[in-house]
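These notes concern the structure reproduced below.
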Amino acid sequence: AKHMEVCFSAAAAPAQGYLSERPIPGDVIVLVGAKTGRDGLGGGLSASAGRADTNLQSRRGERLTYTSQMGDPLAARALVRLMRRRDLMQFVKRAEDISSGGLAVAAAEIAEGVRIDLDRVPTTVSDRISSGHVMGPYEIAFSETQGRMLLVIPSTRLNDVIRIAAQEDLEAVLIGTVTAERRFRMRFWDRSLLSLSRDFLDAAGAERRVGARIPRADTENMYRAVSDRLSGEDLAERYLRVMMHPEVASQKRLSERFD
C-alpha cells in the first residue's frame, strides 16, 4: 500500500539587505552557474510523454534521449556561496533554480511576461566538439544540467551581478527580459520557437471539472457485517477480533510500508 506524501520547505532571511519587489517590464533575466550540457536531457520531459513515446524528437530532429545528470560539484558549491551574498541579493527580485524540465520550466515560472533567447545560453565545450554542431534550441531548453539559477534583476544592475558572479568564478549571462505582454516566449537566433499566453499556463493546460455524489453514511449498520461474522464468541474474544479486523484496525503499519 502507498500513501501520499505532502511536504514543503521554508526559509527565513533578514529583512535588511534583500530586495522585495515584483518583476516589471524592462527587468533582465540572467542565467548564472554551470554551462548547459546534454546531461539530464529528457528527465522531466519523460513524465509528460506518453508511454509509447520512446524516441522523442523535436522539429529540428534533435533526439531527446533520457540521459543521466552529471553535476559540477565545484560550480554547485560556488553557486551556493553566491546566493548567500548580500551584495548580490540586494539586486535580485526573483530567483528560480533550474531542475526538472530545464530552462523552459524555470523561465515560465519566473515572471508573467518573459522572452528568452536560447542562443545566448552558454553550452559546454565538450558538447560542441563531440556532436559536431552546436546544441539545438530544444536541447538547450530542456537540458537539466545541475548547478544553474535564473535571476530577475533591474537592467541597471546587470554589470554588478556579472562582477559579483565572477568573484565566485561563475559566469552570469543575460538571456532574456521581462515583458509587458503576459506571454512566455522563447527564441533562437531571432526565430520564434514558442509563444504561450500566461492564462493558458496558469490554467495548467485545461480546465477540469468532475462531478461527485457522496452517499450518506449508514452509521447504525456500518459495523454489523463484522459483528455478524463474529457471533457466538464471548465478549473478550469478540472485542479483540473486532479490533483486529482490517475494516476496524489501525492502518498505521500500511502507511509506514511505503512502496
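Judged by distance alone, the side chains of T179 and R115 never bring a donor and an acceptor atom under 3.5 Å apart.
Note on V32 and I140: separate hydrophobic clusters, where clusters join Ile, Leu, Val, Met, Phe, Trp and Tyr whose side-chain heavy atoms are under 4.5 Å apart, directly or indirectly. M186 and W189 fall within a single hydrophobic cluster, where Ile, Leu, Val, Met, Phe, Trp and Tyr are joined by side-chain heavy atoms under 4.5 Å apart, directly or via other members. In the hydrophobic clustering of this structure, V121 does not group with L170; members are Ile, Leu, Val, Met, Phe, Trp, Tyr whose side-chain heavy atoms approach within less than 4.5 Å, directly or through other members. Clustering ILVMFWY residues whenever any of their side-chain heavy atoms sit less than 4.5 angstrom apart, transitively, puts L19 in a cluster other than the one holding V161. Clustering ILVMFWY residues whenever any of their side-chain heavy atoms sit less than 4.5 angstrom apart, transitively, puts L79 in the very cluster that holds L174.
R84 places no side-chain N or O within donor-acceptor distance of the main-chain N or O of M89, the cut-off being under 3.5 Å. Listed for the T124 side chain is no donor-acceptor partner under 3.5 Å among the backbone atoms of K35. Checking side-chain atoms of R187 against main-chain N and O of D119 turns up no donor-acceptor pair under 3.5 Å. S155 places no side-chain N or O within 3.5 Å of a backbone atom of V28 that could act as its donor or acceptor partner.
For the atom pair S197 OG and R183 CZ, the distance stands at 5.5 Å (nearest 0.5 Å). The CG atom of L150 lies 4.5 Å from the CD1 atom of I110; values are rounded to the nearest 0.5 Å. In this structure, CD in Q146 is found 12.0 Å from CD1 in I98, a value given to the nearest 0.5 Å. Atom CG of D87 sits about 9.5 Å away from atom CG of D160, to the nearest 0.5 Å. To the nearest 0.5 angstrom, L194 atom CG is 11.0 Å from I116 atom CD1. Note that CZ of R38 and OG1 of T145 are 10.5 Å apart. Values are rounded to the nearest 0.5 Å.
The minimum heavy-atom distance between R81 and R85, with the atom names listed, is O-CG, 3.3 Å.
Side-chain contact check for L151 versus F91: every heavy-atom pair is 4.5 Å or farther apart. Counting heavy atoms from C-beta outward, I24 and V178 have side chains that stay 4.5 Å or more apart. Side-chain contact between D117 and I175 is absent, with no heavy atoms from C-beta onward closer than 4.5 Å. Within the 4.5 Å cutoff, side-chain heavy atoms of L31 are placed close to those of P122. Put simply, the side chain of L103 does not reach to within 4.5 Å of the side chain of T36, judged on heavy atoms.
No option in K93, R157, R94 other than K93 meets the salt bridge (charged side-chain N to carboxylate O under 4.0 Å, His left out) test with D27.
Applying the side chain to side chain contact (heavy atoms under 4.5 Å, CB included) test to L74 and every residue at least two apart in sequence or in another chain returns D72.
The environment of D169 atom CG is sparse: at most 12 non-hydrogen atoms of other residues, nucleotides or ligands sit within 6.0 angstrom. A 6.0 Å sphere centred on CZ of R163 holds more than 12 heavy atoms belonging to other residues, nucleotides or ligands. Other residues, nucleotides and ligands contribute at most 12 non-hydrogen atoms within 6.0 Å of the CZ atom of R22.
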side-chain contact (heavy atoms from CB on, under 4.5 Å) for Y18 and R86? Distances and angles first, verdict last.
CA-CA 7 Å; Y18 289 87; R86 295 282 188 90; 3.6 Å; yes
